[in-house]
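Take a look at the structure set out below.
In what follows, chains carry the letters A, B, and so on, assigned in the order in which the sequence lines appear, proteins first and then strands, with residues in each chain numbered from 1.
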Number of protein chains: 2
Amino acid sequence: MTDEKDFLSGYDPGDFPAFAVTADVVLLTMRAGRLCVLLIERGGPPFKGMWAFPGGFVKLDENLDQAASRELQEETGISGIDLTQFASYGDPDRDPRMRVVTVSYLAVVPDLPSPQASTDAAKARFWPVDDVEGTLAFDHDRILGDALSHLRTVVEYSPLAASFCEREFTVADLRRVYESIWGVDLDPSNFQRKVLGIDDFLVPTDRQSSSSAGGGRPARLYRLGKVSELRPPILPPD
Amino acid sequence: MTDEKDFLSGYDPGDFPAFAVTADVVLLTMRAGRLCVLLIERGGPPFKGMWAFPGGFVKLDENLDQAASRELQEETGISGIDLTQFASYGDPDRDPRMRVVTVSYLAVVPDLPSPQASTDAAKARFWPVDDVEGTLAFDHDRILGDALSHLRTVVEYSPLAASFCEREFTVADLRRVYESIWGVDLDPSNFQRKVLGIDDFLVPTDRQSSSSAGGGRPARLYRLGKVSELRPPILPPD
DNA sequence: ACAGTTTTTGTCATACCGACTATATCTGTG
DNA sequence: CACAGATATAGTCGGTATGACAAAAACTGT
C-alpha cells in the first residue's frame, strides 16, 4: 500500500497538494412565475463576459458556512437567510488557472424589491434559469443543474418552497412555486386540500390578499408554520 | 467591497489560502442485524489510538469521486461499488495540524466475507455504529451522524437499502435492513405488499432461500430491479 | 347586471395504509 | 409421522389519501 494510506499520521505539515477552496451560492428566486438565479458577469479572463455564481475564497479563519454567508452578504447585501450546502466540485480542470474545490450552497429568497441594486455591482442580476442553461462560466452549468435537481426533490419533503414566498402568502402563491419548480400544472383544489392537511405547515392569518388584476376571489393569507418535514410529502404528478 | 469580490478575475495564481483536500468514505454494512461502519485505527498523533474513516488526500490529477474510489480501493480492496457524495466539512480546527477540507462519501455493501483481511491493515475493522458514536477521531462523529441521517432519508425514496443485501435476497432480508436503519419494527405482511407493489424494484427469481435455523417457510429470492426512485416512497412509521 | 376569474368547499371512485387474520411451508422434536 | 414452532405470504377491513371533477363564493371590469 502506498504512503497515502497513513496520511493522517505520518507526514510533514505543508507536504500535501495545495488546493484553493471557494464557497459558491446558487441564489434562486421567483419572478413573474419564472425560476431565476442570481449571476455575476465576469470582468476578466477566463470566461470573460460570461456569467457565474457569486462566491469566493474560504478564509483561513472561517468555516464553510460562514464563507458562503459572507460572500453572499458582500456581493448582494443579503443576509439572514438559510444557506444549505448541497454538493462540492473539484474536477482538475474546472478552473484553468489552478486547482479549486468549490463547496456549493443553495439559497432561496422571495422576489427582491431592489436590494440587488444597492450593491456596487452593476454586473449582478437575476436570470431566468431556462435562459442561461448551458451558457455559464466554469462548471456552473452542471452546478446549476444539480441545484435545480436538488431543489425539485427537497421541496417534496421540506417547506423550502415557501421560502420563495413573502412572509405572508396565499395557497395559490405556493402552488405556483411548485408549478414553476416542477414544470407542471397542479389542480388548485387538490393542492389546497393537501397543503392545508399538513400539520404546522401553513398557519392562517385573519387577513386576505387583495384580489389581483383581472378579478377573482381574494385569498386567505398564511404564514409558514414550524414544520420541518412534510408528512405526507407533496409528490409531483406522474 | 473587498478584493475578494472579483476573485475569479484579478489575482495571481498562488495568491490564495492553501488548503489540503481529502476524500473520506463512510462505508456501511449490516452484520447480524446491526449497522456497522468501517474504521481504521490511527497509528500516530493526533488522535492516536482512536478510530477514523478511510480516506486521504485528493491528488492533483484526479477528481473527487476518483479520489474516494481510489482511497477505498487502496485501504479495503473494495471497488466497483456506488459512492455518493453527501457533504463536505472544513471547520478551521477540524485538524489541529493544518487547514483541511474533506469531501465525504457514503458507500453501502453487503456483509463482506473477508475481503477486509486481504489488506495489510490489521487496524481496519467494522464497528457497530452504536458502539462508536461519540468516540471517533477529528470531527468524524459529526460526519457519521450526518451520514446516518442521510441514509435514513435516502432509503425512503431510493433503492439504496438493497445495497446492504447480497445479489439475491428475500423480502425479509430487505425488511431487516429498514428495521435496523430506522430502529423500528415493521409489519412483515404490510412491508411485503408495499415493496412488491413498487414497479421494477424487486424482480423475482425462480429460486428460494433455504430456510434458516429454527425453521420457517422458505422465502422467494429477488434481485434488485432497475428502479431509481421508489414511488410511492417507503415511509417510516410515526 | 353580467361575464370572467380565482378561491374555496364538496363529491366520488380509487388507491393506499396499518392492524389483523389466515394459510402455506419449512425445521425440529418426540 | 404427528405436531409445535417459526417464518413467508395472502387476504380482509376500516380509515385515510388521492385525482378528477362539480359547485359555490367572492372579487374585477364592462
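Protein atom CG of A/N190 is 11 Å distant from nucleotide atom C1' of C/dG10, rounded to whole Å. What separates CG of B/L196 from P of D/dA8 is a distance of 13 Å, to the nearest Å. As rounded to whole Å, 17 Å separates atom P of C/dC16 from atom CZ of B/F191. The nearest whole Å value for the distance from the CZ atom in B/R231 to the C1' atom in C/dC16 is 14 Å. A straight line from CG of A/D238 to P of D/dA20 spans 9 Å, rounded to a whole angstrom.
Evaluation of the ring-ring contact (aromatic ring centres under 6.0 Å, His included) rule for B/Y89 yields no partner, not counting sequence neighbours. Under the rule for a side chain to side chain donor-acceptor pair (under 3.5 Å), the partners of A/D173 that lie at least two apart in sequence or sit in another chain are A/T170. In this structure, the side chain to side chain donor-acceptor pair (under 3.5 Å) partners of B/S88, at least two apart in sequence or on a different chain, are A/S88. Residues forming a side chain to side chain donor-acceptor pair (under 3.5 Å) with A/R220 (at least two apart in sequence, or on another chain): none. Residues satisfying the salt bridge (Lys or Arg N to Asp or Glu O under 4.0 Å) test with A/D131, not counting sequence neighbours, are A/R34.
The stretch residues 198-210 of chain B has no heavy atom under 4.0 Å from DNA chain D, so no residue of it qualifies as close. Within residues 214-230 of chain A, the residues that have a heavy atom under 4.0 Å from DNA chain C are, in order of number, A/G214, A/G215, A/G216, A/R217, A/P218, A/A219, A/R220. A heavy atom closer than 4.0 Å to some atom of DNA chain D occurs in A/D187, A/S189, these being the qualifying members of residues 159-189 of chain A.
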Would you give me the side-chain donor-acceptor pairs under 3.5 Å for residues 179-189 of chain A, sequence neighbours excluded?
{"residue": "A/E179", "atom": "OE2", "partner": "A/R175", "partner atom": "NH1", "Å": "3.4"}
{"residue": "A/E179", "atom": "OE2", "partner": "A/L186", "partner atom": "N", "Å": "2.9"}
{"residue": "A/S180", "atom": "OG", "partner": "A/G33", "partner atom": "O", "Å": "2.7"}
{"residue": "A/S180", "atom": "OG", "partner": "A/R176", "partner atom": "O", "Å": "3.1"}
{"residue": "A/W182", "atom": "NE1", "partner": "A/R152", "partner atom": "O", "Å": "3.2"}
{"residue": "A/D187", "atom": "OD1", "partner": "A/S189", "partner atom": "N", "Å": "2.9"}
{"residue": "A/D187", "atom": "OD1", "partner": "A/N190", "partner atom": "N", "Å": "2.8"}

Contacts under 3.5 angstrom, residues 221-237 of chain B side chains, donor-acceptor by atom type, not counting sequence neighbours:
{"residue": "B/R223", "atom": "NH1", "partner": "B/E168", "partner atom": "OE2", "Å": "2.7"}
{"residue": "B/K226", "atom": "NZ", "partner": "B/D200", "partner atom": "OD1", "Å": "3.3"}
{"residue": "B/R231", "atom": "NH2", "partner": "A/P236", "partner atom": "O", "Å": "2.9"}

Detail all sub-3.5 Å separations between protein N/O atoms and N/O atoms belonging to nucleotides 14-17 of chain D.
none

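The base of C/dG10 does not come close enough to the side chain of A/R193 for any donor and acceptor atom to sit less than 3.5 Å apart.
The shortest side-chain heavy-atom distance between A/V132 and A/L144 falls under the 4.5 Å cut-off. In this structure, B/V177 and B/V155 have side chains that are not in contact, with every pair of non-hydrogen atoms separated by 4.5 Å or more.
Applying the ring pair (Phe, Tyr, Trp, His ring centres under 6.0 Å) test to every pair with at least one member in residues 66-87 of chain A, sequence neighbours left out, gives these pairs: A/F86-A/H150.
Within the 3.5 Å criterion, the main-chain N or O of A/D111 finds a donor-acceptor partner in the side chain of A/T29. Side-chain atoms of A/D141 come within 3.5 Å of backbone atoms of A/L136 as a donor-acceptor pair (strictly under, hydrogens ignored).
What you find for B/A137 and B/F47 is that their closest heavy atoms are CB-CB, 3.5 Å.
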